[in-house]
> 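So that we are looking at the same thing, I have put the structure below in structure tokens.
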Amino acid sequence: MYTCESISHLLATCKTLASFKQIQAYAYKSNIHSDPFVAGKFILHCAVAISDAFHHALRLFLDVPAPDVFMCNAIIRGLSESETPQNSISMYSKLRREVGFRPDSFTFAFLLKGVANYRCLRDGVQLHCQAVKHGLDGHLFVGTTTVSMYGECMCAGYARKVFDEMFGPNVVAWNALVTACFRSNDLMALEAVFGEMPFKNVTSCNVMLAGYMKAGETESATDLFSEMDVKDAVSWSSMVGGFAHNGCFTEAFGVFRGSVRSGIGANEVSLTGVLSACAQAGAFEFGRIVHGLVEKSGLNWIITVNNALIDTYARCGNVGMSRLVFDSMPDKSSVVSWTSMITGLAMHGCGKEALQLFHQMESHGVKPDGVTFVSILYACSHGGFIEQGSTYFSNMIEIYGVEPSVEHYGCMVDLYGRSGQLEKAFDFVTKMPFSPTDIIWRILLGACSIHGNVKLAEHVKGSLALVDPDNSGDGVLLSNIYATAGKWRDAAGVRRSMENQQIKKDPGWSTIEIDKVLYSFVAGDKRDKITEKAHEKLDEIMLRVRVEGGYMPEVASVLHDIQEEEKEDAVTRHSEKLALAFGLARSREGRTIRIMKNLRVCRDCHSVMKLVSKLYRVQIVLRDRSRFHTFDSGFCSCRDYW
DNA sequence: GTAGGGTTAG
């Protein structure tokens, strides 16, 4: 015979509908199935602890002639934790209407949490009113959940008002308020509340840390972190992720090592953070070490970690490793995994494979989102698939219901502009439902540069000057367009006006990783032994590409109105060439040379790299601002289309 | 018998 207690005990480990039905059968045999306690437990378990079993929970619920509050709450909770939490509210109204359901504090806790999940302020306010109507808004748990809900809806102000009405807020309530300010991106309010708190525990400090990091205030975060006498795994991982988020990868590596040394160890958040730092720095070897740690720590089943690995390998120039990680993932339900893989392929010039993967994703039943379409359109524009690109763009809206953002429009402008259809590209800009941003104009300017359209370039530069007058890259690009067209005086004019306005050119830099050490180079500088060595080797390389490869310098890439010979020297000394020379001098034979550049690679460097890959029989992988170039046997993976 | 607070990926 089974009792209520033994049924509860059985349910604790029951995870499938089949085993659940068995337990139900025991309850029938023992004739305790209609006991309200047992029936309630059954409904709750089925509604929240077994996946895809809500329909069964609902059937059980409907079989009960007079369901009690507990049962109603179980049904509402099941819906509020589902994919469609909105349904919990309609269920609530239905129960109120049809069975005279009287909600309690639990009801509102579940409902409000559901709203927090889909962040609908209107529904949130309505529930808040209902809670007031039932006299439950003063309940500590309900109040705390309301504060969290308003935070998720980005309304720190409302959260604060609710909090101020609360009677005797405890630590949890305070922390909910702090988090609400964090979620609303309200750093001022966050700092104020943090300062006001009568008790600070680690949790609230962690929120403050994350808040500083989100706002880019890495120094304040560092100060707070060093003042904290108790630091837990969340504190450490927030620092790692925060530094990575702000592009401070050296610091991210440092804190990550610190977390391991302090005995806290790596967790999935610090691992994704440090991987993101690797991705930005292009630190392939270090990324591999972190991958080893992932395997060793047994965290290799976590989806976010795998997604970070896919992205890191792709950004470090090894999309093959990304593919291995992707293929090894047993759970491919996350759209992020697919999108990362698609982006990786597209970055590496494998546009066709990227589109194929998109179709595989669809047959897997994973729904694409806005980011997926950015990478799809990117793949099309970089692969020169103009027709397909326009089709995807219209399908995105009509079939998938994804609202196009400025980024999507940017991809389309790039798609047409890059392929030489400058008028169509310009037309797209004027017909956009947003006013064009600096980025949009810059894409068009880039297209003018590729296709040598001076007239449109001048017009675009004029619009750019209105939106973002201080950007050095734009002046450089326009000046290069003039120089390519042989209009040296105009090129010099742009440069002079940049000097007058004190606009400084972003210095180009490149990094190369050899034996796990990262070396960086800036154009033309001779500072130390390393740079000296690079210059020496570069002289030898340039001579060889000239004599054996028939290389002719392409001087249009420098903007100076200087003598031809000097121009040649300035191109010769670009940072990516220095990194390449150093790599050739120091890498072991047969090794792939991996270089990262902060700006886009210039035409001259591009042709030198092709020649070097042939003459020196090396593979060179170069990551520039927008994509990867893999040079092998005299050819580049971008097929000179970038 | 049910419930509230912290960092994370494209």
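Lettering of chains follows the sequences in order, A, B, ..., and the numbering in each one begins at 1.
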> Looking only at the side chain of A/K41 (C-beta and beyond, no hydrogens), which of the listed nucleotides B/dG1, B/dG10, B/dA3 gets closest?
B/dG1
> Looking at the side chain of A/N170, which of B/dT7, B/dG5, B/dG4 is the nearest nucleotide?
B/dG4
> A/L190 CG to B/dG5 C1': how many Å, rounded?
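It works out to 14 Å between those atoms.
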> For the residue pair A/N300 and A/N306, confirm or rule out a side-chain donor-acceptor distance under 3.5 Å.
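A/N306 and A/N300 do not have a side-chain donor-acceptor pair below 3.5 Å.
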> Ignoring the backbone of A/T372, work out which of B/dG10, B/dT8, B/dG5 is nearest its side chain.
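Nucleotide nearest to A/T372's side chain: B/dG10.
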> Between A/D223 and A/S220, is any side-chain donor less than 3.5 angstrom from a side-chain acceptor?
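There is no such pair (donor and acceptor under 3.5 Å, judged by atom type) between the side chains of A/D223 and A/S220.
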> Hey, does A/H245 reach any base, or is it just sugar-phosphate, or nothing, if we go heavy atoms under 4.0 Å?
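If one applies the 4.0 Å heavy-atom cut-off, A/H245 turns out to touch nothing in the nucleic acid.
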> Identify whether the distance between the nearest side-chain nitrogen and carboxylate oxygen of A/E83 and A/K367 falls below 4.0 Å.
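Between A/K367 and A/E83 there is no salt bridge, as every charged N stays at least 4.0 Å from the carboxylate O atoms.
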> Take the protein atom CD1 of A/I310 and the nucleotide atom C1' of B/dT8, then report the distance between them rounded to whole Å.
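Result: 15 Å.
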> Mind calculating the distance between CD1 (A/I303) and P (B/dT8) to the nearest angstrom?
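Whole-Å distance recorded here is 18 Å.
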> Do we count A/F141 as stacking onto B/dG4 if the rule is ring centres under 5.5 Å and planes under 30°?
yes
> Hey, does A/S105 reach any base, or is it just sugar-phosphate, or nothing, if we go heavy atoms under 4.0 Å?
base
> By the 4.0 Å heavy-atom rule, please label A/S148 as base, sugar-phosphate, or nothing.
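Result for A/S148 = sugar-phosphate.
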> The side chain of A/V336 lies closest to which of these nucleotides: B/dG10, B/dT8, B/dT2?
B/dG10
> Expressed in angstrom and rounded to an integer, what is the separation of A/I75 atom CD1 from B/dT2 atom P?
17 Å
> Verify the contact: side-chain N or O of A/R77 to OP1 or OP2 of B/dG1, cut-off strictly under 4.0 Å; return yes or no.
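For A/R77, the contact criterion (side-chain N or O under 4.0 Å from OP1 or OP2 of B/dG1) is not met.
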> In whole angstrom, give the distance that lies between atom CG of A/L271 and atom C1' of B/dT8.
11 Å
> Between A/T218 and A/N246, does any side-chain donor sit less than 3.5 Å from a side-chain acceptor?
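No, no side-chain donor-acceptor pair sits under 3.5 Å.
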> With sugar-phosphate meaning primed atoms plus P, OP1 and OP2, does A/V171 contact a base, only sugar-phosphate, or nothing at under 4.0 Å between heavy atoms?
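Base: the residue A/V171, judged by heavy atoms under 4.0 Å, touches a nucleobase.
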> Quick one: label A/V371 by what it contacts on the DNA or RNA (base, sugar-phosphate, nothing), any heavy atom closer than 4.0 Å.
base
> Take the protein atom CD1 of A/I302 and the nucleotide atom P of B/dA9, then report the distance between them rounded to whole Å.
14 Å
> Students often get this wrong, so: under 4.0 angstrom with heavy atoms, is A/P36 touching a base, only sugar-phosphate, or nothing?
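Base, at least one base atom sits under 4.0 Å.
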> Decide whether A/D123 and A/Y118 meet the rule of one side-chain donor and one side-chain acceptor closer than 3.5 Å.
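Present: a donor and an acceptor within the cut-off.
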> Using a 4.0 Å heavy-atom cut-off, does A/N73 contact any base of the nucleic acid, only the sugar-phosphate backbone, or nothing at all?
base
> Among B/dG4, B/dT2, B/dT8, which nucleotide sits nearest the side chain of A/L140?
B/dG4
> Determine the contact category for A/N201: base if any of its heavy atoms lies under 4.0 Å from a base atom, sugar-phosphate if only primed atoms, P, OP1 or OP2 are that close, otherwise nothing.
base
> Can you tell which of B/dG4, B/dT7, B/dG10 lies closest to the side chain of A/V335?
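Closest nucleotide to the A/V335 side chain: B/dG10.
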> Which nucleotide sits closest to the side chain of A/F182: B/dG5, B/dA9, B/dT7?
B/dT7
> What is the distance, rounded to the nearest whole Å, between atom CG of A/D104 and atom C1' of B/dT2?
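For the pair A/D104 CG and B/dT2 C1', the rounded distance is 9 Å.
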> In whole Å, I'd like the distance from the CZ atom of A/F225 to the C1' atom of B/dT7.
12 Å
> Report which part of the nucleic acid A/V305 touches: base, sugar-phosphate, or nothing (heavy-atom distance under 4.0 Å, all strands).
nothing
> Centroid distance below 5.5 Å plus an interplanar angle below 30 degrees: do A/F110 and B/dA3 meet both conditions?
no
> Side-chain donor or acceptor of A/S276 under 3.5 Å from a matching atom on the base of B/dA9?
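No, no donor-acceptor pair under 3.5 Å.
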> Where the side chain of A/D68 is concerned, which of B/dG1, B/dA9, B/dT7 is the nearest nucleotide?
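Of the options given, the side chain of A/D68 lies nearest B/dG1.
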> Between B/dA3, B/dG4, B/dT7, which nucleotide gets closest to the side-chain atoms of A/T145?
B/dG4
> Answer with base, sugar-phosphate or nothing: what part of the nucleic acid does A/N306 contact at a heavy-atom distance below 4.0 Å?
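Counting heavy atoms under 4.0 Å across all strands, no contact is made by A/N306.
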> Counting any heavy atom closer than 4.0 Å, what does A/G241 reach on the DNA or RNA strands: base, sugar-phosphate only, or nothing?
nothing
> As a test of reading the structure: which of B/dT8, B/dG10, B/dA3 is closest to the side chain of A/D369, going by heavy atoms?
B/dG10
> Scan A/S340 against the nucleic acid and name what it touches under 4.0 Å (heavy atoms): base, sugar-phosphate only, or nothing.
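Sugar-phosphate contact only.
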> Would you say A/K113 places a side-chain N or O within less than 4.0 Å of OP1 or OP2 belonging to B/dG4?
yes
> Can a salt bridge be assigned to the pair A/R77 and A/E81 using a cut-off of 4.0 Å between side-chain N and carboxylate O?
yes
> Going through the distances and angles, do A/N307 and A/T304 end up as a side-chain hydrogen bond (donor to acceptor under 3.5 Å, both in side chains)?
CA-CA 5 Å; A/N307 294 346; A/T304 54; over 6 Å; no
> Would you check if there is a donor-acceptor pair between the side chains of A/H291 and A/Y313 at a distance under 3.5 Å?
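The criterion, which ignores hydrogens and geometry beyond distance, is satisfied for A/H291 and A/Y313.
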